[in-house]
Participant: 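Questions regarding the structure given below will be posed in turn.
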Amino acid sequence: MNKKVRVRFAPSPTGGLHIGGVRTALYNYLFAKKYGGDFILRIEDTDQTRFVEGAEEYIIESLAWLGITFDEGTHVGGPHAPYRQSERKNIYRQYAESLIEKGYAYYAFDTPEELEQMRERLKAAKVASPQYNSITRNSMKNSLTLPADEVKARIANGEPYVIRLKVPRKEEIRLYDEIRGWVVVQSHQIDDKVLLKSDGMPTYHLANVVDDYLMKITHVIRGEEWLPSAPLHVLLYRYLDWEEVMPKFAHLPLILRPDGNGKLKKRESGGILTFPLSWHDPITNEDYLGYREAGFLPEAVINFLAFLGWNPGTDQEIFSIQDLIQSFSLERIGKSGARFDAEKVKWFNSVYIRSTDTQKLLPLVKNALSQRNVTGFSDEYISRVIDLMKDRVVTIPDFYGLATYFYQEFDQYDEAMKQKQANAENIQHWQALLPQLKNLNIWDATTIDRIIHDYAEINKVKIGKILPTLRLMITGVSFGPSVPEIMALIGKEKSIQRIEKALLLWTQPTG
RNA sequence: GGUCCCUUCGUCUAGCGGUUAGGACAUCGCCCUUUCACGGCGGUAACACGGGUUCGAGUCCCGUAGGGAUCACCA
C-alpha cells in the first residue's frame with residue numbers, strides 16, 4: 001500500500017566529501033535500510049565551472065570505507081540511469097518549457113551586468129533583499145515585458161537566455177518538514193529563481209525536483225541549509241502537477257564548528273578532522289588528513305556521526321551500523337545544530353579499537369608500522385603488541401607512537417622518571433637482580449615476575465620501588481603495559497641488553 | 001539588513017504539564033594496580049531572559065535576547 005521508500009544522497013563533485021555530507025548520507029542510508037528501501041547516489045554536477053577531478057570517486061570511496069553502500073548510482077547503475085545530472089541535461093529543458101506554456105515561467109535575457117545594476121539600484125533604494133521578483137521583473141528584459149516576436153527573434157538569433165520561475169506575488173506556501181513541523185513562507189520572499197541556465201543546464205532547484213520525481217524519491221533528507229529554498233521546491237512540484245507524489249522533506253540540523261561559531265567547514269583548525277579519507281584538493285593544492293589515514297575505525301566514525309543530531313532515546317551509546325539501522329528514525333533527530341566534539345570521536349575510536357578482534361586490527365597496525373619504516377616483525381609479535389596496547393590507544397598509529405620500545409632501541413629516558421628512579425639504591429638492586437635474570441632458562445612473564453617478587457620479598461624491598469626502575473630501563477618511559485609482559489615479548493637478549501645499558505649509563509659520572 | 005530555523009550541564013543529549021532534571025564525553029576525587037590505561041564507585045556542572053496559560057511549567061503560548069542558515073545563471 002505504501003510506496004517503497006526511496007531516498008537519495010545527491011552531492012556535487014566540487015571537492016572532498018566532508019563530514020557533514022557524510023552524516024547526511026548516513027542518515028539517508030539508515031532510513032532506507034530501516035524501511036527496506038532503496039538508496040540512490042545521484043551526482044549533481046550541473047555547475048560545470050565547479051567540477052573537481054576525482055571528487056566523485058572520492059565520495060564513493062569514502063562512503064564505501066564507512067560501509068555505506070548504494071542500490072543505484074553512477075557507479076552501480078540502476079533503472080533510472082544515468083545518475084549524473086550532466087548526462088541528463090536534455091531531459092530538464094522540456095519541464096522548464098512546459099512551465100512557460102502553463103504561464104509559470106518565462107524567458108529572461110538580462111545580462112549579469114544588468115542584474116547587478118538592478119541589485120545596486122534596489123540596494124540604493126534601501127530594499128532589504130534585492131531580488132528578481134514579481135515587481136522587479138516588470139522592468140527587466142524578459143518574455144513578460146518584451147513583445148512576443150522580439151522574444152522569438154532573440155532566441156532564434158542565439159541570444160543567451162535563462163528560464164525563470166514566475167513566483168506569485170502573494171501566496172502562502174506551506175511545507176511540512178518531518179523534523180520541524182509546518183514551515184510557512186510567503187511567496188513574495190522568494191525570488192524568480194533561474195530554472196534553466198544560459199548554458200542549457202538546469203539549476204539545482206529544477207534538477208533536484210525533476211530527478212526526485214523521475215527517480216520516484218519518497219523522502220528528501222538533506223541539510224538545513226536547504227530549508228530556505230524548500231518552499232520554492234514545493235512551488236515547482238505544484239506547477240509541474242506533481243504535488244500528489246511530492247516527497248516528504250526532512251531538513252537535518254547542521255554540524256557546527258567546535259566553538260559553535262557557524263557550520264563546520266572543510267578547513268578547520270584545532271586539529272579536527274573533517275574528511276573521511278585524506279584528500280588532496282587539486283584546485284587549492286591543499287592536503288587534508290582523513291579519518292582513515294589518522295587511524296580511526298569506520299565503525300567509530302559512523303557511531304559518532306550517527307549521534308551528532310540523533311539519539312535512540314535510551315542509554316545505549318555503542319551502535320553497530322546494523323544496530324543503527326534498527327533503531328533509526330526521523331522522529332528522534334534533534335532540531336538544533338550540534339557542535340563537533342573532537343574528544344568524543346576519539347573516545348568512540350578507543351572503544352572500538354578495544355573491542356575489535358586483534359586479527360582484524362593486525363593489517364591496520366602493520367600498515368601504520370610500514371609507513372614508519374618499521375619492518376621485520378612477525379604477525380605473531382605484532383599481535384602480542386596489539387593485545388598489550390589495545391586498551392591504551394586512541395588511534396591505530398598509537399600502536400607505534402605509544403609503543404616504540406617494542407620495535408626499536410632508544411637512549412633517551414623520561415627525565416622526571418629518571419631523576420626519581422636512577423638512584424644508587426635502585427641501581428644496586430638491579431645490579432643484584434641482573435645475574436638472576438640472565439640465569440633464567442624459561443623466559444616468560446610469569447617467571448620474570450616471580451624472580452622479581454622473590455627478590456623483593458627476600459630483600460625486604462617494595463615491589464613498587466624497584467619495578468618502575470625496570471620499566472624505565474626497558475621502555476624509557478613511565479607508563480605502559482606490564483613490564484614482565486613487555487620483557488617476555490621483546491625477548492631475553494634485548495631485555496638484558498637494555499638493563500645493562502641503563503645501568504651503565506646511569507652509573508657513569510656524566511650520567 | 002529581510003526571511004526562515006534553533007536555544008537543557010563546557011560538549012552531545014534524555015525529558016513530550018507533576019522528575020531529587022537522567023545518561024555519555026570531558027573534568028575532578030577514590031578504589032583496583034609496579035606505572036599508564038581498562039574497569040568500578042563517587043563529585044562539580046544545565047532548563048538564555050521576561051511575561052502569560054495552568055492548581056502546577058524545562059515541557060504549552062507570546063515577547064526579548066543570543067546563535068545559526070539563507071538571500072547567485074553554486075549546489
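Numbers restart at 1 for each chain; the letters A, B, ... are given by sequence-line order, proteins then strands.
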Participant: Roughly, in whole Å, what's the span from CG in A:L264 to C1' in B:rA69?
Facilitator: 15 Å
Participant: Only counting residues at least two apart or in another chain, list the ones meeting ring pair (Phe, Tyr, Trp, His ring centres under 6.0 Å) with A:Y352.
Facilitator: none
Participant: Rounding to an integer number of angstrom, what distance separates B:rG66 and B:rC49 when you compare their C1' atoms?
Facilitator: 10 Å
Participant: Can you list the residues that meet the ring pair (Phe, Tyr, Trp, His ring centres under 6.0 Å) rule with A:Y92, with sequence neighbours excluded?
Facilitator: none
Participant: If you measure from the C1' atom in B:rA26 to the same atom in B:rA46, how many Å do you get, rounded?
Facilitator: 15 Å
Participant: Taking CG from A:D192 and P from B:rC71, how many angstroms apart are they, rounded to a whole number?
Facilitator: 16 Å
Participant: Say you pick atom P in B:rA24 and the same atom in B:rG63; how far apart are they, in whole Å?
Facilitator: 39 Å
Participant: Please classify the nucleic acid contact of A:G480 as base, sugar-phosphate, or nothing, using heavy-atom distances under 4.0 Å.
Facilitator: base
Participant: Where do N or O atoms of nucleotides 25-33 of chain B meet protein N or O atoms at under 3.5 Å, pair by pair?
Facilitator:
none

Participant: Report yes if the distance between the aromatic ring centroids of A:W506 and A:Y413 is under 6.0 Å, otherwise no.
Facilitator: yes
Participant: Under 4.0 Å between a side-chain N/O of A:R471 and OP1 or OP2 of B:rC36, yes or no?
Facilitator: no
Participant: Starting at atom OH of A:Y132, determine the distance to atom P of B:rC71, rounded to an integer number of angstrom.
Facilitator: 19 Å
Participant: Do A:Q421 and A:T469 have a side chain donor and acceptor closer than 3.5 Å?
Facilitator: yes
Participant: Tell me whether the OP1 or OP2 atom of B:rA75 has a side-chain N or O from A:T203 closer than 4.0 Å.
Facilitator: no
Participant: What interatomic distance, in whole Å, is found between P of B:rU64 and the corresponding atom of B:rG43?
Facilitator: 42 Å
Participant: Identify the nucleotide, in any strand shown, that forms a Watson-Crick or G-U wobble pair with B:rC32, with both distances under 3.5 Å; if there is none, say none.
Facilitator: none
Participant: Excluding sequence neighbours, so at least two apart, what forms ring pair (Phe, Tyr, Trp, His ring centres under 6.0 Å) with A:Y95?
Facilitator: A:W242
Participant: Tell me: CD1 of A:I486 to C1' of B:rU34, nearest whole Å?
Facilitator: 11 Å
Participant: Hunt down the Watson-Crick or G-U wobble partner of B:rC71, both distances under 3.5 Å, from any strand shown, or write none.
Facilitator: B:rG1
Participant: Expressed in angstrom and rounded to an integer, what is the separation of A:F9 atom CZ from B:rA75 atom P?
Facilitator: 16 Å
Participant: Measure from the side chain of A:K263, starting at C-beta and using heavy atoms only, and say which of B:rU13, B:rA69, B:rC36 lies closest.
Facilitator: B:rA69
Participant: Please report the distance separating the C1' of B:rG22 from the corresponding atom of B:rA45, rounded so that it comes out in whole Å.
Facilitator: 14 Å
Participant: So if I define the base as every atom that isn't primed, P, OP1 or OP2, how would nucleotides 2-7 of chain B read as a B/S/- string at a heavy-atom cutoff under 4.0 Å?
Facilitator: SSSSSS
Participant: Under 4.0 Å, heavy atoms only, any strand: does A:R222 hit a base, just the sugar-phosphate, or nothing?
Facilitator: nothing
Participant: With no hydrogens and no angle check, just 3.5 Å: does a side-chain donor-acceptor pair link A:Y213 and A:N208?
Facilitator: no
Participant: For nucleotides B:rA21 and B:rA14, find the distance between their C1' atoms and express it as a whole number of Å.
Facilitator: 10 Å
Participant: How far, in whole Å, is B:rU54 from B:rC61 if one measures between their C1' atoms?
Facilitator: 12 Å
Participant: What distance, rounded to whole Å, do you find between the two C1' atoms, one in B:rC25 and one in B:rU20?
Facilitator: 24 Å
Participant: Contact class for A:T46 (heavy atom, under 4.0 Å): base, sugar-phosphate, or nothing?
Facilitator: sugar-phosphate
Participant: Return the value, rounded to whole Å, for the distance between atom OH of A:Y204 and atom P of B:rC73.
Facilitator: 17 Å
Participant: Taking only side-chain N and O atoms of A:K197, does any of them lie within less than 4.0 angstrom of OP1 or OP2 on B:rC74?
Facilitator: yes
Participant: Which salt bridge (Lys or Arg N to Asp or Glu O under 4.0 Å) pairs, counting each pair once, include a residue from residues 180-205 of chain A, with sequence neighbours left out?
Facilitator: A:R137-A:D192, A:R180-A:E224, A:D191-A:K193
Participant: Assess, by modelled atom type and distance only, whether the side chains of A:T74 and A:E56 contain a donor and an acceptor separated by less than 3.5 Å.
Facilitator: yes
Participant: Hey, which of these two, A:S478 or A:Q85, hits RNA chain B nearer its 5' end, going by closest nucleotide?
Facilitator: A:S478
Participant: For the ring pair A:H233 and A:Y204, is the centre-to-centre distance below 6.0 Å?
Facilitator: yes
Participant: What pairs of residues pass the side chain to side chain donor-acceptor pair (under 3.5 Å) test when at least one of them lies in residues 305-316 of chain A, not counting sequence neighbours?
Facilitator: A:N311-A:R332
Participant: Heavy atoms under 4.0 Å, any strand shown: does A:D414 hit a base, just sugar-phosphate, or nothing?
Facilitator: nothing
Participant: For A:P481, which contact category applies under a 4.0 Å heavy-atom criterion: base, sugar-phosphate, or nothing?
Facilitator: base
Participant: Excluding sequence neighbours, so at least two apart, what forms side-chain hydrogen bond (donor to acceptor under 3.5 Å, both in side chains) with A:D259?
Facilitator: A:R257
Participant: Taking only residues two or more places apart in sequence or in another chain, which ones pass side-chain hydrogen bond (donor to acceptor under 3.5 Å, both in side chains) with A:D454?
Facilitator: none
Participant: In terms of the nearest nucleotide of RNA chain B, which residue is placed more toward the 5' end: A:G309 or A:P484?
Facilitator: A:G309
Participant: For B:rC60, give its Watson-Crick or G-U wobble partner with both distances under 3.5 Å, or none.
Facilitator: B:rG52
Participant: Which listed nucleotide (B:rC36, B:rC73, B:rG23) is nearest to the side chain of A:R392?
Facilitator: B:rC36
Participant: Within the structure shown, what part of the strands sits under 4.0 Å from A:V194 by heavy-atom distance: base, sugar-phosphate, or nothing?
Facilitator: sugar-phosphate
Participant: Does A:F399 have its ring centroid less than 6.0 Å away from the ring centroid of A:F406?
Facilitator: no
Participant: For B:rC73, does OP1 or OP2 lie under 4.0 Å from any side-chain N or O of A:R50?
Facilitator: no
Participant: Pairing check on B:rA24: which nucleotide meets the Watson-Crick or G-U wobble criteria with it, both distances under 3.5 Å?
Facilitator: B:rU11
Participant: Extract from the structure each pairing of a protein N or O with an N or O of nucleotides 39-43 of chain B at less than 3.5 Å, listing the distance.
Facilitator:
{"residue": "B:rG39", "atom": "OP1", "partner": "A:R354", "partner atom": "NH1", "Å": "3.3"}

Participant: From CG of A:L252 over to C1' of B:rG68, roughly how many Å is that when rounded to an integer?
Facilitator: 15 Å
Participant: Set out, line by line, the N/O atom pairs under 3.5 Å between protein and nucleotides 19-21 of chain B.
Facilitator:
none

Participant: Report yes or no: do A:T446 and A:D449 form a side-chain donor-acceptor pair below 3.5 Å?
Facilitator: no
Participant: According to the interplanar angle, ranging from 0 to 90°, do the rings of A:Y239 and A:Y104 count as parallel (below 30°), tilted (30 to 60°) or perpendicular (above 60°)?
Facilitator: parallel
Participant: Roughly, in whole Å, what's the span from CZ in A:R257 to P in B:rG68?
Facilitator: 9 Å
Participant: Under the side-chain hydrogen bond (donor to acceptor under 3.5 Å, both in side chains) rule, collect the residues that match up with A:R164, sequence neighbours excluded.
Facilitator: none
Participant: Does A:R339 make a side-chain donor-acceptor contact with the base of B:rU11, cut-off 3.5 Å?
Facilitator: no
Participant: Considering Watson-Crick and G-U wobble pairs with both distances under 3.5 Å, what does B:rC47 pair with?
Facilitator: none
Participant: With sugar-phosphate meaning primed atoms plus P, OP1 and OP2, does A:P312 contact a base, only sugar-phosphate, or nothing at under 4.0 Å between heavy atoms?
Facilitator: nothing
Participant: Between A:H429 and A:Y455, is the gap from one ring center to the other below 6.0 Å?
Facilitator: yes
Participant: Pairing donors with acceptors under 3.5 angstrom, does anything connect the side chains of A:R222 and A:H251?
Facilitator: yes
